[in-house]
Enquirer: 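Before I ask anything, here is the structure I am working with.
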Amino acid sequence: MAATVSDTLLDWYDKHARELPWRARPGVPPTDPYRVWLSEVMLQQTTVAAVKPYFAAFTMRWPDVAALAAAPEEEVMAAWAGLGYYSRARNLVKAAREVAALGRFPDTEAGLRALPGLGDYTAAAVAAIAFGRRAVVVDANVERVVARLFAIDTPLPAARKAIRERTDAVTPDSRAGDFAQAMMDLGATICTPREPRCLLCPLSETCEGRRTGEPTRFPVKPARKAKPQRRGTAFWIEREGSVWLVRREGEGMLAGMRALPDDGWTARADGTDAAPLEGPWTDIGAVRHGFTHADLELAVRRIETASTPPGEGEWWPIESLDGAGLPTLFAKAARLVLA
DNA sequence: GATACGTGGTT
DNA sequence: TAACCAAGTAT
């Protein structure tokens with residue numbers, strides 16, 4: 001009888017699993033749910049390389065969920081600065097507080113799914129990896145591997161239903177966490193988007209996508225929309241060695257993060273160019289920054305003043321600006337001013 | 001289902 | 001270099 005997909009893949013994983021800071025050795029259970037959850041949230045739409053230093057910093061500073069639950073949201077947001085998708089940090093604090101109030105992590109997929117910031121993927125991944133539950137874990141790696149394995153040529157996102165069903169069918173009852181991580185490792189290192197290393201793939205013999213001769217045809221993705229180009233202005237207001245920082249409100253772009261005051265640019269519209277103070281302003285230059293759905297050219301203007309701007313904000317010592325937790329866009333603007 | 005939401009690495 | 005892409009979620 002031929003070996004199953006899961007047996008073959010688990011054998012491969014036992015030999016080739018990546019060693020990652022949040023990962024126990026394959027098959028060895030004592031996996032701290034806090035570390036699994038934290039890493040999974042950080043890894044949402046984010047590369048392993050980008051996550052590593054943040055994971056190290058967070059676990060050093062907040063070693064368990066109780067410590068994170070007790071942290072001021074503002075400090076967690078600042079520590080997240082540079083990692084992107086900042087609603088993750090807001091939800092991270094909320095979830096930590098719910099778990100702390102509960103006294104422990106929910107240990108079922110449904111219980112985890114109810115926490116803020118845990119969607120279908122993350123709830124399944126934590127249930128499987130941290131609690132050994134059988135769960136169907138589907139991320140972009142699994143989508144790609146499964147779409148190729150079964151030559152699913154329905155375009156995304158309509159293909160998700162079939163992909164999920166196929167993934168369910170090959171997910172084993174035991175070691176579901178290792179199986180999920182094996183699928184993701186395979187997708188990240190072998191079954192890559194552009195030049196898959198089919199000669200090294202443990203599943204190549206049964207892969208229907210490979211049999212077609214064009215494995216990279218799967219999964220079929222819709223064409224992308226063009227990104228609009230936006231313009232805006234940020235204002236560097238300096239007084240006695242400090243710069244005026246504001247906190248961005250709401251739940252939109254960079255919400256909750258410290259920032260330079262700006263002219264109200266959004267992903268949908270250019271800024272008004274209106275300054276928070278009377279001039280004279282000095283033009284410093286501009287920085288370019290790409291967001292998911294818009295590219296921004298941000299002009300930077302500077303002024304030295306003795307007065308405090310209207311509205312909420314704080315004078316932040318320039319020498320310790322690194323600790324302010326500015327998102328990358330404003331870190332670039334600050335770098336330009338200080339260069 | 002479609003859209004909003006960051007950033008840095010890779011090709 | 002300009003796309004493309006990454007361990008997605010919320011609305």
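Note that the coordinates shown come from a computational prediction; the quantities given were computed from them, not determined experimentally. Below, read A as the first sequence line, B as the second, and so on, with proteins coming before strands; counting in each chain starts at 1.
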Enquirer: Can you tell me which residue pairs pass the salt bridge (charged side-chain N to carboxylate O under 4.0 Å, His left out) test with a partner in residues 54-66 of chain A, sequence neighbours excluded?
Expert: R61(A)-E75(A)
Enquirer: What donor-acceptor contacts under 3.5 angstrom involve side-chain atoms of residues 94-110 of chain A, with partners at least two apart or in another chain?
Expert:
unit_1, atom_1, unit_2, atom_2, d
R97(A), NE, A69(A), O, 3.1
R97(A), NH2, A71(A), O, 2.8
T108(A), OG1, G111(A), N, 3.0

Enquirer: Answer yes or no: is there a side-chain heavy-atom contact under 4.5 Å between L186(A) and P202(A)?
Expert: yes
Enquirer: Under 4.0 angstrom, heavy atoms only, what part of the nucleic acid is R90(A) near: base, sugar-phosphate, or nothing?
Expert: nothing
Enquirer: What are the 5'-most and 3'-most nucleotides of DNA chain B lying under 4.0 Å from any heavy atom of chain A?
Expert: dT3(B) to dT11(B)
Enquirer: Hey, could you give me each pair passing ring pair (Phe, Tyr, Trp, His ring centres under 6.0 Å) that has a residue in residues 147-182 of chain A? Not counting sequence neighbours.
Expert: none
Enquirer: So, are R288(A) and D295(A) salt-bridged, with charged N and O less than 4.0 Å apart?
Expert: no
Enquirer: Describe the nucleic acid contact of L83(A) in one word from base, sugar-phosphate, nothing, applying a heavy-atom distance below 4.0 Å.
Expert: base
Enquirer: Regarding R248(A) and the six-membered ring of W265(A), is the cationic atom NZ or CZ under 6.0 Å from the ring centre and inside 45° of its axis?
Expert: yes
Enquirer: Give a yes or no on whether a salt bridge exists between D32(A) and R35(A), defined as a side-chain N under 4.0 angstrom from a carboxylate O.
Expert: no
Enquirer: Return all side-chain donor-acceptor pairs below 3.5 angstrom for residues 306-315 of chain A, not counting sequence neighbours, or 'none' if the list is empty.
Expert:
unit_1, atom_1, unit_2, atom_2, d
S307(A), OG, T305(A), OG1, 3.0
T308(A), OG1, R239(A), NH1, 3.3
T308(A), OG1, W315(A), NE1, 3.2
E314(A), OE2, R258(A), NE, 2.8

Enquirer: Can you give one letter per nucleotide of nucleotides 4-11 of chain C, 5' to 3': B if a protein heavy atom sits under 4.0 Å from the base, S if only from the sugar-phosphate, - if neither?
Expert: BBBBBSS-
Enquirer: Of K225(A) and A50(A), whose closest DNA chain B nucleotide lies nearer the 5' terminus?
Expert: K225(A)
Enquirer: Give A180(A) one of three labels, base, sugar-phosphate or nothing, depending on what nucleic acid heavy atoms sit under 4.0 Å from its own.
Expert: nothing
Enquirer: Say you pick atom C1' in dA7(C) and the same atom in dT11(C); how far apart are they, in whole Å?
Expert: 22 Å
